[in-house]
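The model shown is predicted, which means the values in this text are computed figures rather than measured ones. Along the sequence shown, residues are numbered consecutively beginning with 1.
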Amino acid sequence: MSEAANFLLLERVRLPDDLRWLAEKYPRENWQGHANIHGVATMWLQRHDMFRELGGMLTNGIGDYREGRLTAPDFARWFAPRLNHFLGHLDGHHNVEDHHYFPVFAQAETRLKRGFEILDADHHTIHEGLERNAEAANAFFNTLQESEDRQRFAADAYAAENSRLIAMLTRHLADEEDLIIPLILDRGDRALGID
């Protein structure tokens with residue numbers, strides 16, 4: 001499953017057309033004015049925006065270090081708590097989705113079941129990316145007492161893992177929103193049993 005899920009997540013440009021019928025009925029540009037854009041839908045979008053913001057902060061932070069605007073120890077002090085927050089909250093968010101929301105949504109609209117299977121597979125791929133990201137970050141932290149060249153090499157390796165993770169996450173968040181938010185807008189929190 002990992003190889004197929006990895007291909008799907010890293011290669012697709014959006015969800016398959018047969019899963020986009022609600023996204024076409026409720027286009028993204030109309031979400032904010034919709035009567036059902038409250039409760040869980042608003043929380044979902046806010047949580048995703050937080051992940052995008054944290055991912056951007058981590059990307060900018062590693063860039064600041066690589067361009068010499070932060071020393072390795074200063075970067076490590078700034079970076080470690082933000083990375084831990086990002087990785088921990090993302091993993092927790094995915095667990096809630098996989099075990100609570102996705103089954104409820106798939107049961108409420110069986111025509112979207114395959115979409116939730118795709119999103120669940122994404123979570124496995126992203127989890128592997130989270131682990132690689134954490135390993136690359138730890139490898140960088142372990143070089144802080146070593147030469148500057150070793151630190152830079154480890155920072156470059158982390159930056160590559162971070163870029164890959166952010167690319168996966170960006171695609172996944174957009175696809176998840178295109179599947180879930182229109183479903184919530186169509187049915188409402190209460191009818192879906194998620195209010």
Side-chain angles (χ1 to χ4, degrees), residues 1-56 59 86-87 89-133 160-195:
M1 171 166 82
S2 177
E3 192 62 36
N6 190 31
F7 174 76
L8 287 172
L9 179 57
L10 293 175
E11 298 299 324
R12 71 177 185 254
V13 294
R14 68 180 198 172
L15 287 172
D17 288 342
D18 66 310
L19 297 173
R20 295 189 48 78
W21 54 275
L22 277 174
E24 291 170 10
K25 183 177 179 181
Y26 299 97
R28 187 177 287 264
E29 59 270 11
N30 297 338
W31 291 355
Q32 291 307 318
H34 196 280
N36 283 336
I37 195 73
H38 57 76
V40 173
T42 299
M43 180 266 320
W44 214 290
L45 293 171
Q46 289 171 343
R47 180 65 63 160
H48 283 192
D49 286 346
M50 178 196 73
F51 291 131
R52 288 180 180 105
E53 184 179 337
L54 285 170
T59 298
F86 177 68
L87 298 180
H89 281 273
L90 187 58
D91 187 52
H93 178 68
H94 285 172
N95 281 324
V96 169
E97 289 175 338
D98 289 343
H99 296 105
H100 176 66
Y101 286 111
F102 289 178
V104 169
F105 294 148
Q107 184 176 356
E109 182 47 77
T110 57
R111 292 176 289 176
L112 298 177
K113 184 176 189 254
R114 187 169 65 90
F116 293 107
E117 290 169 354
I118 290 170
L119 296 177
D120 180 64
D122 287 357
H123 287 176
H124 295 284
T125 302
I126 290 169
H127 184 78
E128 291 168 6
L130 293 173
E131 289 177 353
R132 283 190 309 275
N133 191 283
E161 283 300 332
N162 181 66
S163 291
R164 186 170 188 266
L165 177 62
I166 297 302
M168 288 190 295
L169 187 60
T170 299
R171 174 76 272 136
H172 172 75
L173 293 177
D175 290 345
E176 187 174 287
E177 290 167 1
D178 283 347
L179 197 66
I180 290 170
I181 301 303
L183 179 60
I184 293 172
L185 296 180
D186 193 64
R187 308 291 169 81
D189 295 354
R190 181 159 291 159
L192 290 168
I194 57 170
D195 61 345

- Backbone N or O of L9 within a donor-acceptor pair of the D122 side chain at under 3.5 Å? no
- Message: Testing R28, R171, R47 one by one against E177 for a salt bridge (charged side-chain N to carboxylate O under 4.0 Å, His left out), which residue passes?
- Response: R28
- Message: With rounding to the nearest 0.5 angstrom, report the CG to CZ distance, L179 to R20.
- Response: 9.5 Å
- Between the CG atom in L45 and the CH2 atom in W31, the distance rounded to the nearest 0.5 Å is 6.0 Å
- side-chain contact (heavy atoms from CB on, under 4.5 Å) with F102: which of E176, E117, K113? E176
- Query: Quick check: are there more than 12 heavy atoms from other residues, nucleotides or ligands sitting under 6.0 Å from CD of E131?
  - Reply: yes
- Query: How long is the gap from CD on Q46 to CD on E53, to the nearest 0.5 Å?
  - Reply: 12.0 Å
- Do D98 and P103 touch side chain to side chain, with heavy atoms closer than 4.5 Å? no
- Message: Strictly distance-based, threshold 3.5 Å: is any side-chain N or O of T125 a donor or acceptor partner for the main-chain N or O of A121?
- Response: yes
- Message: Would K25 and W21 count as a side-chain contact (heavy atoms from CB on, under 4.5 Å) here? Give the steps.
- Response: CA-CA 6 Å; K25 183 177 179 181; W21 54 275; 5.8 Å; no
- Verify, without hydrogens or angle tests, whether H127 (side chain) and H123 (backbone) share a donor-acceptor contact under 3.5 angstrom. no
- Query: Could you go step by step and tell me if D186 and Y26 meet the side-chain contact (heavy atoms from CB on, under 4.5 Å) rule?
  - Reply: CA-CA 8 Å; D186 193 64; Y26 299 97; 2.6 Å; yes
- How long is the gap from CG on L130 to CG on L90, to the nearest 0.5 Å? 5.0 Å
- Item | Parallel, tilted or perpendicular: rings of H48 and H93 (30°, 60°) | perpendicular
- Message: Before you tell me yes or no, could you show the steps for H172 and H94 under ring-ring contact (aromatic ring centres under 6.0 Å, His included), namely the whole-Å CA-CA distance, both residues' side-chain angles and the distance that decides it to 0.1 Å?
- Response: CA-CA 11 Å; H172 172 75; H94 285 172; 5.4 Å; yes
- Message: Taking L19's backbone N and O only, do any of them form a donor-acceptor pair with R114's side chain (distance below 3.5 Å, no angle check)?
- Response: no
- Query: Minimum heavy-atom separation for H124 to D120, with atom names?
  - Reply: CD2-O, 3.0 Å
- Just by distance, do the side chain of R187 and the backbone of A108 share a donor-acceptor pair under 3.5 Å? yes
- Atom pair CH2 (W44) and OH (Y101), whose distance is rounded to the nearest 0.5 Å: 6.0 Å
- Query: What do the steps show when you test D175 against R12 for salt bridge (charged side-chain N to carboxylate O under 4.0 Å, His left out), and what is the final call?
  - Reply: CA-CA 10 Å; D175 290 345; R12 71 177 185 254; 2.5 Å; yes
- Query: A41 and D189: which non-hydrogen atoms are nearest, and at how many Å?
  - Reply: N-OD1, 4.4 Å
- Derivation and outcome, side-chain contact (heavy atoms from CB on, under 4.5 Å), residues L112 and F105: CA-CA 8 Å; L112 298 177; F105 294 148; over 6 Å; no
- Item | Rounded distance (nearest 0.5 Å) linking atom CZ of F86 with atom CG of D91 | 11.5 Å
- Give a yes or no on whether a salt bridge exists between R14 and D178, defined as a side-chain N under 4.0 angstrom from a carboxylate O. no
